[in-house]
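Values in this document were obtained by computation on a predicted structure and should not be read as measured data. Throughout, a chain's letter reflects where its sequence line sits, starting with A, and its residues are numbered from 1. Because only heavy atoms are used, hydrogens play no part in the values below, and waters and symmetry mates are left out as well, while side chains stay in.
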Amino acid sequence: MDTIEPIAYDPTAIEAKWQRTWADRGTNQVDLAGAKRPFYSLMMFPYPSAEGLHVGNLFAFTGSDISARFHRLLGYDVFQPLGYDAFGIHSENYALKIGAHPMELTPKNVANFQRQLERAGLMVDWRQKVDTSQRDYYRWTQWVFLQLHKQGLAYKKAAAVNWCSSCKTVLANEQVEGGACERCGTVVEQRFLEQWFFRIGDYAERLLGNLDGLDWSEVTKSAQRNWIGRSEGAEIKFDVAGHDASVRVFTTRPDTIFGATYLVLAPEHPMVETITTAAQRDAVRAYQANTTKQDVVSRKTVLQKTGVFTGAVAVNPATGTNVPVWIADYVLMEYGTGAIMAVPGHDERDFEFVHELAPAFREDCGLEVEQVIRRVVAGEGEGADTPLAEAYAASTGADHLVNSAQFDGLSVAEAKTAVIAWLEQNGHATPVVNYRLHDWCVSRQRYWGPPIPIVYCDACGTVPVPEAQLPVELPFISDFKPDDSGISPLARHAEWYNVACPSCGGAARRETDVSDTFLDSAWYFLRYPSARRDDVAFDRDITARWLPVNSYIGGNEHAVLHLLYSRFVTMALKDGGHINFDEPFTRFRAHGLIIRDGAKMSKTKGNVINPDEYVTEWGADAFRMYLMFLGPYQDGGDFRSQGISGVRRFLDRLWGSVRDARRDGDADPDVMRKLHQVIRKVGDDTGALAYNTAIAAMMEYMNVLRRAERVAHVDEVQPLVQLVAPFAPHLAEECWAHFGHDRSVFDAGWPLWDPALAEESTIEIAVQVQGKTRGRVTLSPDATQEEVLQAAMADASIAKFVTGEPKKIIYVKGRLLNILV
RNA sequence: GCGCUCGUGGCGAAAUUGGUAGACGCGCAAGCCUUAGGAGCUUGUAGGGCAACCUGUCCCGGUUCGAGUCCGGGCGAGCGCACCA
């Protein structure tokens, strides 16, 4: 019996042993102050739900952990921290649901997560753990708020905001999905409330422009671009007849101005009041009352358009003709100027409005459809002279203007600039860039978050809490339940909010809202390396050494939330002189999602995987490795319980070959050649996060060892242990120790591979005739074309296809020969 | 509608980036070993054909000696944005 006998190893014992050893030896700790080759490996921290760790968490963390361990083996000083996003609505809502107090429940959940995470075998430096709900963390979250305030980037204003009646708080635009709360799915209402905002809108251009230089997943960059929503166009002024006023509209299609036959204002537009005629006043007021009460979701998604005429008339600055001014619900106050010029001939929405919803008024009010663009489709010639909304959407390069005076014949692109330039001369237009991105609403009318560090004083006004007085501590209150009043639970506690003004000492009142959870996580990566410092949010030297983050891994659901906010806060802190970099994450990779048997995992479907069960049955190493083997890391994968056995079999075989490895005699040169090839492949793939193919390569090598039908030599097996180490760290340590090493395998370095030793002495070269593969010949890699041809013609099954003299021969060295006859 | 990513065996997937399609694993089949096996080992496994061979990477075209890969058009899926002017 010479072949490798797998010996089922005992993961429970081995894994517990090594986790203990790592903790005892401080294996996972890094010298933060003195590291020579710092590498900051970051994973998105979890919020500690009571349900415990989800496979999705483990999938994400394992991917980051492998990258971190791999870099350590390459010789970097790797810092990989982890912590808890424990403040915020998600934690508070769960406490409410089970009737617990978040201040008591959160530490329990954190402890449970900690236990599960420790079993997973992550190379985390737990000394640097952060917990956003702890005072020594949120003190500095408040400090960040104050820095932004100091820089004029935080302001308070009354505005129409998104109100979730279930979470009983306002939400940022980023937290509203299709008109509903992204967390609970409740339809969001519009409320008019005074809130704190951050001027993220001022950073739109920078947030957009920097994306090109970032090594990030394309999906993430594209999501951010969409969210920032840059559009170039112009503001055009339409004077209102009989008033000393003009309506400013934003358009991306100034070229269509000759077809602008009416204007539309958002119902809540401030000019509506002044320009509405007496005859239309009642109708307008009734309409306004009706639409502003509507919740956001029906304003934004219902496609039926309604509107009412204000009675006012404006002058089209291009044609000089009168155009009626309407108000309608399809124009949004939040975007552009809250007013549009309607071009029903070339805009689908305007076309719909005119045709479907205002037929009774059409003639009376002159809502006419004019064609000003002629569509030219390649190969089809010019389109018919029918004004159609489609012409707007399908503007091809050949389309040109008609019925537009001196601009007739210009292409759409030419006309855009020409029309703006012309109108600009008489002060009727300005080129403008608009963004969809709005300022970040950070106030929350909730309990479980950092109180916003602001005090209101009748004498001094809005006073920031002095930094020396931080934190503004969140008090323990039992009635923390939010209500529908739009006022925070803290506002019920006069003993807390009544304070002396920090400026004049007079009676003053604290801000009673807390800040958005996303502010907690928008700077946590700065805190980790300085987590044990109580005198600064982050140390200058430490920060300069470790940041920006070298590798960040997380879910793409945060593309426009956490990732955008983190970039903004980083830029703001740089502008405030606190740090010297613009972008927090040099490389970001969005991992995929784990589904199960083709469907998303959900409690209702009952297909949720409990990692604990699998870790107990198969071991953390096998579970980690299986998750990574499911498919490309950035695509996620379909979890099938059966599949894990293949990975476990591999680990058992590895353990068997380590146990049986012989030291006498020499290693087989053929096996060693494969080994050098595998070292290269696993290194390349692991660096590229192609974990599935890295694992496949190791399995292939294991098969080579087995098929050798003899006990493997130490030299053939030991380097494989180093390759496996990032994936199955516990077993790798056990194997490494078995080979007699005292130190951790993670201090052993990555095995070197020698290109000369990796090279095959003979290779198969495919032989094609007329481009069809007809056979293969085995020759030395540097065989000449003549040699290959000779060998090919000696093979009857190839030669029979070669009829006559070859006309041309194509030889790709070491790959294939193509004979053309 | 706009943007991004993608489409390959029964299944999850590979393919050195234009060069032998289906590595690796699951599943399945046959065999060995077993009192037994949801264990272990061996072999086979894209489809068709007795075979020589033929056909095959969503569909249609193109470039090329050669296309899963590049180009044009279409169909389909997933994600993001969306009455955004």
*Taking the side chain of A:Q642 as heavy atoms from C-beta outward, which of B:rG3, B:rG27, B:rG12 is closest to it?*
B:rG27
*So what does A:R774 hit on the nucleic acid, given a heavy-atom distance under 4.0 Å: a base, only sugar-phosphate, or nothing?*
sugar-phosphate
_Students often get this wrong, so: under 4.0 angstrom with heavy atoms, is A:K813 touching a base, only sugar-phosphate, or nothing?_
nothing
*Answer with base, sugar-phosphate or nothing: what part of the nucleic acid does A:D635 contact at a heavy-atom distance below 4.0 Å?*
nothing
*asked:* What I want to check is whether the side chains of A:T306 and A:Y287 have a donor and an acceptor closer together than 3.5 Å.
replied: yes
_Within-4.5 Å side-chain heavy-atom neighbours: A:V247 and A:V249_ = yes
*How is A:L816 classified with respect to the nucleic acid when contacts are heavy atoms under 4.0 Å: base, sugar-phosphate, or nothing?*
base
*Measure from CD on A:E348 to P on B:rC83 and round the result to the nearest Å.*
14 Å
*How would you label the contact of A:L820 with the nucleic acid (heavy atoms, under 4.0 Å): base, sugar-phosphate, or nothing?*
sugar-phosphate
*Would you classify A:S231 as touching base, sugar-phosphate or nothing, given that sugar-phosphate means primed atoms plus P, OP1 and OP2, and contacts are heavy atoms under 4.0 Å?*
sugar-phosphate
*Looking across every strand, which nucleic acid part, if any, lies under 4.0 Å from A:V812 by heavy atom: base, sugar-phosphate, or nothing?*
base
*asked:* I want to check something: taking the side chain as every heavy atom from C-beta on, are A:L564 and A:I200 in contact at a cut-off of under 4.5 Å?
replied: yes
